[in-house]
Enquirer: 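Handing you a structure now.
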Amino acid sequence: MRKQVIILLILASICIKPTSIFANGTSYFEEPTTPTGHVLPLEESVISIESEKLYIEIEQEGEVSSYQMMLANIRVIYEMENKTEEDLLVPIAFPQPGMSSEWSVDLDGTDISITGNTPFYPEELIGNKPHREWIDPRTGQTYSFRGYDLIGESGKLGAKTFNITLNAKSRHTLTIEYKADLGIDERANLHPIYRLDYLLHPASYWSEFKNLDIEVKVPKRASVYVNLPLQKEGNTYVGAFGTLPEGNLVVFLSPHSGLLFNLFTSRTVALLALVIMLPIYYVIIRLMKRTSLKHQKGISLIILGIFALAGLDIVRHKILGYPITIVQYILYIICLLILWWMWSRVFRKNGKLERNNND
């Protein structure tokens, strides 16, 4: 028995050692930071935005390679006022260079067609206070993103364009709805970190802007960091601003991941926990000698099932970096086989002892 445990620990150490090498590798397609948000006038503006109500709901779209794909359902409502004496045809752009879908634009209940896409330099949309660093919402620690960061590049960012007509001396309600993918970094930390940038800076291009209300709903039990002073109410973050905030809205999110796996922040510790289950289980079933054989089998099988599920909780996440991710599944199967072998070996002995005692 001891030889098998030693062999397994050696195998685990071999697996753990490359983890530090491939910790920044990934078998999952890495999305860059995908900024979104706020209407931008394409011509010098004489229109004021009297209020903006921003609703963001972040939800799980599905799973790829055991990781959740997250998207944001975004709905923004503008109260716009034309204070001039004439009707105005206003060309508008809405920055959204990332992946998005299900667009809907309407003015006072009338659908507005999207006419095209216009490129902007990042500094035109982001302003003088870009939030370039990433933050792990589980720890609050700032770190440098080592992948391709769309905001940090000098290339242009796209914006969808459309035209609206605003009547003289009138207020109008402009509503925009769409779904947007979140940026993701699943290389730097054990748990993936998602990021959503909503660009508030373009609001400064209007003649006047006031009364911003923000509501961000996130998945339950997720770890969240929001850069603006929003108040947490359950799993919703809300805030009201009389004027335009200095920075853009940035949300970092790390979803809750299983039961046991969610407790770890280190890949190495998570992998060691999987291996350490073996001697712990062996000790437990050995300590059950004083109970009847029937009770021993029943209780030990329940514990075996708990250990197996706990191991699956750990191993279904990528505790090893690409390209050796598949090794963790092989390691898990080996662990299961050894757990079962331990159970069979102990109860073969206990069964023999009980039969001898009965004789």
Side-chain angles (χ1 to χ4, degrees), residues 12 15-16 18-34 56-72 131-149 180-197 216-227 232 235 237 250-277 309-329 331-332:
C15 295
I16 292 171
T19 304
S20 60
I21 299 174
F22 293 101
N24 292 329
T26 175
S27 58
Y28 177 81
F29 179 76
E30 178 190 334
E31 284 282 350
T33 304
T34 50
I56 299 174
E57 181 179 6
I58 299 175
E59 64 179 20
Q60 176 183 343
E61 182 183 23
E63 289 192 358
V64 176
S65 301
S66 299
Y67 275 160
Q68 301 172 350
M69 292 288 290
M70 309 296 289
L71 59 79
H131 198 294
R132 300 192 188 280
E133 66 274 8
W134 282 59
I135 296 175
D136 185 344
R138 291 174 181 264
T139 63
Q141 295 180 343
T142 299
Y143 70 96
S144 298
F145 182 76
R146 286 173 279 184
Y148 173 66
D149 188 345
D181 289 0
L182 273 66
I184 178 174
D185 177 12
E186 53 93 3
R187 307 185 313 163
N189 300 280
L190 176 62
H191 299 277
I193 297 174
Y194 297 86
R195 172 172 178 161
L196 176 70
D197 289 70
V216 182
K217 187 176 182 180
V218 299
K220 292 181 179 179
R221 298 190 295 172
S223 299
V224 180
Y225 175 89
V226 183
N227 69 320
K232 183 179 181 182
N235 61 322
Y237 292 78
V250 186
V251 180
F252 293 96
L253 180 146
S254 183
H256 186 88
S257 299
L259 297 175
L260 187 61
F261 179 77
N262 198 65
L263 301 176
F264 302 121
T265 57
S266 165
R267 284 186 171 95
T268 301
V269 173
L271 186 57
L272 282 175
L274 181 64
V275 178
I276 290 172
M277 288 180 186
L309 290 174
L312 181 61
D313 181 30
I314 295 173
V315 82
R316 76 182 194 90
H317 299 82
K318 282 185 283 188
I319 54 176
L320 296 177
Y322 178 80
I324 58 174
T325 306
I326 189 64
V327 174
Q328 67 192 36
Y329 295 100
L331 179 63
Y332 177 62

Enquirer: When rounded to the nearest 0.5 angstrom, what is the spacing between OH in Y225 and CD in Q141?
Expert: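 Here the interatomic distance stands at 13.0 Å.
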
Enquirer: Residues two or more places apart in sequence or in another chain: which of them pass side chain to side chain contact (heavy atoms under 4.5 Å, CB included) with A180?
Expert: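 Here the qualifying residues are I74, Q96, Y178.
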
Enquirer: Looking at NE2 of H191 and OG of S254, how far apart are the two atoms once the value is rounded to the nearest 0.5 Å?
Expert: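 If we round to the nearest 0.5 Å, H191:NE2 and S254:OG are 6.0 Å apart.
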
Enquirer: Run the side-chain contact (heavy atoms from CB on, under 4.5 Å) test on V216 and V226 for me, step by step, so that the C-alpha distance in whole Å, both residues' side-chain angles and the decisive distance to 0.1 Å come before the verdict.
Expert: CA-CA 9 Å; V216 182; V226 183; 5.7 Å; no

Enquirer: Under the side-chain contact (heavy atoms from CB on, under 4.5 Å) rule, what do D185 and Y143 come out as? Steps first, then yes or no, please.
Expert: CA-CA 11 Å; D185 177 12; Y143 70 96; 2.8 Å; yes

Enquirer: Check step by step if side-chain contact (heavy atoms from CB on, under 4.5 Å) holds for F252 and V250.
Expert: CA-CA 7 Å; F252 293 96; V250 186; 3.5 Å; yes

Enquirer: Tell me, do P219 and I58 make a side-chain contact under 4.5 Å, heavy atoms counted?
Expert: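 The answer is yes; the side chains approach within 4.5 Å.
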
Enquirer: Any heavy-atom pair between the side chains of L253 and P137 that's under 4.5 Å?
Expert: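 No, side chains not in contact.
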
Enquirer: Output the distance between atom CD (E133) and atom OG1 (T142), rounded to the nearest 0.5 Å.
Expert: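 Answer rounded to 0.5 Å: 5.5 Å.
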
Enquirer: First locate atom OG of S223, then atom CD1 of I193, and finally report the distance between them rounded to the nearest 0.5 Å.
Expert: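 Atom-to-atom, S223:OG and I193:CD1 are 10.0 Å apart.
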
Enquirer: Output the distance between atom CG (L71) and atom CG (L182), rounded to the nearest 0.5 Å.
Expert: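 Going from the CG atom of L71 to the CG atom of L182 covers 7.5 Å.
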
Enquirer: If the test is side chain to side chain contact (heavy atoms under 4.5 Å, CB included), which one of I56, V218, D181 qualifies with L196?
Expert: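 With L196 as partner, side chain to side chain contact (heavy atoms under 4.5 Å, CB included) holds for just one option, I56.
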
